[in-house]
Amino acid sequence: MDLKARSHLLENREALERDIKTSYIMDHMITDGVLTLQEEENVKTAITQRERAAMLIKIILAKDDHAYISFYNALVHEGYKDLAALLQDGLPIISPYNGKKSMDGLTSYVKTILCEGGVPQRPVVFVTRPELAKRIQQKLYKLKNDPGWVIVYGMAGCGKSVLAAEALRDHSLLKDCFPGGVYWVSVGKQDKAGLLMKLQNLCLRLDQDFTYLQRPPLNIEEAKDRLRLLLFRKYPRSLLVLDDIWDSWVLKAFDSHFQILLTSRDRSVTDSVTGKKYEVPVESGLTHEKALEILSLFVNMEIKELPEKADCIVNECKGSPLVVSLIGALLRDFPNRWEYYLRQLQNKQFRRIRKSSSYDYEALDEAMSISVEMLPENFKDYYRDLSVLQKDVKVPSKVFCILWDMETEEAEDILQEFVNKSLLFCDRNGKSFLYYLHDLQLDFLTEKNRGQLQVLHEKVVHQYKKHYTQYMPNSTQEDCMYWYNFLAYHMASARMHNELCTLMFSLDWIKAKTELVGPAHLIHEYVEYSEILDQKDPIARENFQEFLSLNGHLLGRQPSLDIVQLGLCQPESSEVYRQAKLQAQRGLDKGSFYVEWMNKQSIKNMYRLVVRPHTDAVYHACFSQDRYRIASCGADKTLQIFKAESGEKLLEVKAHDDEVLCCAFSADDRFVATCSADKKVKVWNSRTGQLLCLFEEHTEQVNCCQFNNTNHNLFLLATCSNDSFIKLWDLNKKYCRNTLFGHCNSVTHCRFSPDDKYIATCSADGTLKLWYVHSANELKTIDIGDFFRNMADYQDDVEVLVKCCSWSSDGTTIVVAAKNKLFLFDTKTSDLLAELLISHHSTIQYCDFCPNSQMVAVALSHYSVEIWNIESLSKIADCRGHMSWVHSVTFSFDGSLFLTSSEDQTIRIWETSKVCSFSATVLKREIDVLFLASEVVILAIDSSKHLQVTLLWILVKYEIEKAAAVLCCDDDHVYMSVNSYNIPEIVNLINGYTGHTIYLTKGQNHFICCCCLSNDLQAAAFGEKNGTVKVLSLSNGNILKSRTGHRKAVQHCQFTSDGKMLISSSDDSTIQVWNWQSEECLLLKGHNEPVKNFRLLKDSRLLSWSFDGTVKLWNTLTGELEKDLTCHEDAILSCAISPNTTMFSTTSADKTAKIWSFETSSILHKLNSHEGCVRCCAFSPNNELFATGDDNGEIRVWDVSGGELLHLCFRASIDEGESAHGGWVTDLCFSPDSKILVSSGGYIKWWNVDTGQPLQTFFTNGTNLKSLHVSPDFNVCVTVDNLGILYVLKIME
């Protein structure tokens, strides 16, 4: 047994004898073949447990290293992890060879054979590369019975010779395949005289008893014959090793049906010889760990003791064994020069990295340049052109065809010559070839041709422009990805600044590139080349960068998205808008369709970047300490790390087997931890993605992971799980330091205090607990559930889930989130300092304290994030933009930024100061709109239960240049914002273009559900959740009349055309007809379930429909029920009345639509082909067409007379999991000529009715549009999205 292993076993003997139970441990060791059944019986004869353990250890001490390892593994498997940890440092390194070999892996037989054959010994510093050595051995076995060639080829310094020699250190291989011996010849670069000398020496070595040798052979042919005679007669079945072959003619001297292993930089050297050939490419370099191992052996240090510069040096060595060994040898002699040699590598000062005694060249640059010098003269210029390539980029052959102006075959022949000489590498991608340089080769080329790089880049750009004169590359061309990724790089490197600006300020380029490679790379280019672009137009660069940062995630995901339409949504001062407007005007002449967002200047984007790194929900995201990187995780089971400035992906790791629930950076940003529903906790290298630690002690899903905040070379990781436990992991020793017991239900969240003295945990048991980190003892418990149990409406069967917590920067207070409330506690006294009700309708998903501030960010289930001042107990900002639940919100460590992650697969990065200085009013989707001759009047409800009136002035020709300002309000007040200078004299108005408040009314006490305007603009009405309907004057904002006639929420209200009557419908299934001036009122009762909506008809008739499946016709003067039709077995979702009033339609949750006759009340057509709830419908103005929309996002156009389906409207390409309309279709409207159909749903689409194809799509900031209000001439439509943003859209003419 290894001395170190034996020592560890003896040192810990007492602890092992005291604690282990031998039976199961022996089972493992018997399975491993290191313990016999007789030995097991001997152990069992001992009387006590401790005696049996002592007997087992005595037996192990008499065995070898395999017994030690088997015993260690048995301890781990049987749960003795603490005991196993005591033995871990004593684990011996086992040779990969079988048991009959000696400690260094060599039998005396192998040693003798290799020594006699001149095989080089292992280098002084040696690490194994078993995969490559095994691959060589597998090829050598093929030479067992047949002659042939095994070619090990690769670039200079990749370790070919060492690998070839290592592959021969195998007893079975030599005994079975080459019993005649192995004979090594170091050939190198030779002329004929030099080769003859090598052959003479070999013949002399093979015939030392002079059996066949009278004199040395006088020429190569004679030497070839002599060698054949010796190997066939004297050394049959022997292996000849030819190391470092440069020229194919050299091999002619050995082409005599031998078994030959050769190493070369040139793959093609064996093309001219006969026999079977087996290739072993050596492309991959050393792993990071192997390279560190070499350095540690050279400087005689443990890997963990190496300075930080060691990692950087290994990165710069690019995995080359030669370079690592050169540096290691230099550091052995000069151990204080880590910084110096790193700087030489970074600055490509290869001449200063001088000779190692084990290599043939004086310096690294000589080793690489000699391969280039061997090229034919005309090929050297082609190879120099490769100096402009980027590292780690595989380039399709088509790029070289364009660069060299050649046919494909001609260019590939040149490239193959480079590949054969290991100057270039090649991958096959389907039918095409991809070529790339090793990093060291590229560094060498760049340094060698530094003075010509600008000219070489210019050549690339000129050749591109020559080839692509009329169009840009498209996705069907194999070279397109290269140009979209690197054309800007070549232009910048060539100092072609005008060309670069033209490219980067092109909407066409942005559209094409983002569709292929996503937005992050392009944003990165705006940042990287900002200095160049700003010389041309800094404002334009800012415009394009902001446009892409906020909309790039749409461009990359929506193939139907028109970038011109998206550009039209930008501010009118933006260069993006200017280009989009010009392109749109040109497109209109060719029949294109565009719309303008008229009130867009009222919207300000508060976020600075939107990224979509995941393919499913994003559960958590966090900044690195330096704020440059972001880590995120989610339902797609991956860990993503990307740049915070551009969203450019740095790392993607398939992290777990189930959803990844949380991730966290360590205090020094070197590590990232993840935890998952698969019950595992993992720690990764944040730069390389290498898995460093795997912890599997939790028994249920792990909800949260958090590193300690301070870096004193002690890395602690806290995790909490549904198993009710919190665990503290020591990353230095890679074990669970403590398990914290105390919660009696799932633990949802954990956070270290800023000074790392305490840890706070939240649980579904309704408590917050504080623990001492050092001792893992509980400090205190705060029962959050008590604060809910004392409420009047508390329900005993509803658990209080404490979701999360966050410490203030000074650690004196902690904020806790549970259900829809925030609680602020003093951490010393446990006193409740504040209690905040955040929302009546949403639950808090996450909260985070802003560093060095009194602000707390709160993520809510209703798609928004709110910023609260915890000191003044006031809301500062309402941040909207996500289209689904927000799962987390986290600040950067300086508090200047915060990011949010959502179920909508996006991560949004916000500027804290910008968010807190501006927050627009959020509108509800229930609005009323009046289209007058030259005006649009909008009545809306804001999120604070207030009404707002906005009047937009539109020229008769709809050439709008200014539009609505921000709709604004304060708590408990109603505002009216107006944009006009041609308004009826109903109020005392201010300047119409400023959007300042006109007047305000007293606040409303109840939640407002609906609103409407009178046609004469004298009054507005609104319905409340408590069943009250109120009428207010638009001249002074006073409430004129109020009536509580409903018992439940009022969902719809509408004035009659003369403004005297106000009709309202309610969830209490009634309809109220109220003459608000005379106080007369009729209550229409007949529906059995809530009234979905109603429509006023001529002659004082009213048509209503309900969730009870019925349609009823009422006389509003008498209250008489004139018709009562049961139309569907399920809820009726919409009704439409034909323009000639002879028909009406119904659509239902039963997936059908029906067209009815008003006169006979009979069904004219039943339309059955929908596969989802039919949510909306509309008749065309000519009474010939009928459109229906369903919850699958599909729209169908029907012929009214025959009931036949004419068109199914859908998008040509639908993303996985997304409907053709981005969700339900909620509203439909035909144009006056019945040629165009507009629809709302996840966004707004205009359709060509004749073809069923989309004309244009307007992507709103939010989604779930509830309804459309369309002007009579169809040119203007108004809607509000789920984020509360108002859209007034006008068709361009």
Side-chain angles (χ1 to χ4, degrees), residues 606-609 611 618-633 639-647 650-651 662-674 683-687 704-718 731 749-760 773 804-815 827 846-859 865 867-870 876-877 879 886-901 907-916:
M606 292 181 285
Y607 40 89
R608 63 185 291 178
L609 180 65
V611 293
V618 188
Y619 291 141
H620 193 76
C622 59
F623 286 99
S624 61
Q625 296 276 348
D626 58 14
R627 212 187 69 179
Y628 293 141
R629 293 181 293 159
I630 291 172
S632 63
C633 58
L639 166 70
Q640 305 281 349
I641 298 179
F642 53 92
K643 292 182 180 178
E645 189 168 32
S646 66
L650 299 173
L651 189 66
C662 188
C663 58
F665 276 103
S666 62
D668 62 356
D669 290 339
R670 289 166 54 197
F671 311 123
V672 173
T674 58
V683 180
W684 313 84
N685 183 309
S686 69
R687 301 287 180 183
C704 182
C705 55
Q706 189 79 32
F707 280 102
N708 57 334
N709 297 303
T710 54
N711 178 19
H712 298 302
N713 294 321
L714 174 63
F715 291 101
L716 293 180
L717 178 69
L731 262 63
H749 196 243
C750 56
R751 279 276 181 97
F752 282 97
S753 62
D755 59 6
D756 291 333
K757 290 183 179 179
Y758 312 104
I759 188 168
V773 171
C804 62
C805 61
S806 181
W807 297 80
S808 61
S809 296
D810 58 8
T812 60
T813 57
I814 189 168
V815 65
T827 54
Y846 207 87
C847 65
D848 196 32
F849 241 121
C850 180
N852 304 310
S853 168
Q854 293 299 313
M855 292 188 296
V856 174
V858 183
V865 173
I867 308 295
W868 286 76
N869 186 310
I870 208 71
I876 301 172
C879 310
V886 184
H887 288 295
S888 74
V889 54
T890 53
F891 282 96
S892 60
F893 290 91
D894 61 1
S896 62
L897 301 174
F898 65 93
L899 55 81
T900 55
S901 55
I907 296 168
R908 293 174 189 254
I909 302 163
W910 313 70
E911 294 183 51
T912 307
S913 59
K914 189 175 180 180
V915 165
C916 295

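We're numbering straight along the sequence, starting at 1.
- Side-chain N or O atoms of Ser808 include one that pairs as donor or acceptor with a backbone N or O of Thr813 at under 3.5 Å.
- For Arg687, there are no side-chain hydrogen bond (donor to acceptor under 3.5 Å, both in side chains) partners at least two apart in sequence or on another chain.
- Side-chain atoms of Asn852 do not come within 3.5 Å of backbone N or O of Ser809 as any donor-acceptor pair.
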What's the verdict on side-chain contact (heavy atoms from CB on, under 4.5 Å) for Leu716 and Phe752, showing C-alpha distance, side-chain angles and the deciding distance? CA-CA 10 Å; Leu716 293 180; Phe752 282 97; 4.2 Å; yes
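- Applying the salt bridge (Lys or Arg N to Asp or Glu O under 4.0 Å) criterion to Arg629, with sequence neighbours excluded, gives no partner residue.
- The distance from the OH atom of Tyr619 to the SG atom of Cys633 is 10.0 Å, given to the nearest 0.5 Å.
- Shown here for Ala664 and Cys705, the closest heavy-atom pair between the two residues is CB-O, 3.6 Å.
- Scanning for side-chain hydrogen bond (donor to acceptor under 3.5 Å, both in side chains) contacts around Trp868 gives Glu866, with sequence neighbours left out.
- Note on ring orientation: taking the six-membered ring where Trp is involved, the planes of Phe671 and Phe715 are perpendicular (angle over 60°, cut-offs 30° and 60°).
- Asp848 and Thr890 share no side-chain donor-acceptor pair at under 3.5 Å.
- Evaluation of the salt bridge (Lys or Arg N to Asp or Glu O under 4.0 Å) rule for Asp894 yields Arg627 as partners, not counting sequence neighbours.
- No side-chain heavy atom of Asp755 sits less than 4.5 Å from a side-chain heavy atom of Thr710.
- Between the SG atom of Cys622 and the CD atom of Gln706 there is a distance of 8.0 Å, given to the nearest 0.5 Å.
- Residues Leu731 and Val683 form a side-chain contact, since some pair of their non-hydrogen atoms from C-beta on lies under 4.5 Å apart.
- Residue Ile641 holds its CD1 atom at 5.5 Å from OG of Ser686, rounded to the nearest 0.5 Å.
- Put simply, the side chain of Trp807 gets close to the backbone of Arg751: a donor and an acceptor are under 3.5 Å apart.
- Gly895 and Pro851 make their closest contact through CA-CD, 3.9 Å (heavy atoms, listed as atom of the first residue, atom of the second, distance).
- With sequence neighbours left out, the salt bridge (Lys or Arg N to Asp or Glu O under 4.0 Å) criterion links Arg670 to Asp668.
- Across all non-hydrogen atoms, the minimal contact from Val773 to Ile759 is CG2-N, 3.9 Å.
- By the side chain to side chain contact (heavy atoms under 4.5 Å, CB included) test, Ser853 is found to be paired with Cys850, Met855, residues two or more places apart in sequence or in another chain being considered.
- Note that CD of Gln625 is 4.0 Å distant from CZ of Phe893, once rounded to the nearest 0.5 Å.
- Residues satisfying the side-chain hydrogen bond (donor to acceptor under 3.5 Å, both in side chains) criterion with His620, sequence neighbours excluded, are absent altogether.
- Looking at residues two or more places apart in sequence or on another chain, you find no side-chain hydrogen bond (donor to acceptor under 3.5 Å, both in side chains) involving Thr827.
- Phe891 meets the ring-ring contact (aromatic ring centres under 6.0 Å, His included) test with Phe898; sequence neighbours excluded.
- For Thr674 against Cys663, the heavy-atom pair with the smallest separation is CG2-CB, 4.1 Å.
- Taking 4.5 Å as the limit, some side-chain heavy atom of Tyr846 sits within range of a side-chain heavy atom of His749.
- The side chain to side chain contact (heavy atoms under 4.5 Å, CB included) test applied to Cys847 returns Cys804, Val815, Ala817, Leu822, Val856, not counting sequence neighbours.
- The side chain to side chain contact (heavy atoms under 4.5 Å, CB included) check on Asp626 picks up Ser624, Tyr628, Asp669, with sequence neighbours excluded.
- Using a 4.5 Å heavy-atom cutoff, the side chains of Phe642 and Val611 are in contact.
- Pairing each heavy atom of Ala621 with each of Ser901, the nearest pair is N-OG, 3.9 Å.
- Residues passing the side chain to side chain contact (heavy atoms under 4.5 Å, CB included) test with Ile909 are Arg608, Leu609, Phe623, Ile630, Leu897, Leu899, sequence neighbours excluded.
- Minimum interatomic distance between Leu717 and Ala673 (heavy atoms only, all atoms of both residues): CD1-CB, 3.7 Å.
- Formation of a donor-acceptor pair under 3.5 Å by the Asn708 side chain with backbone atoms of Leu714 is found in this model.
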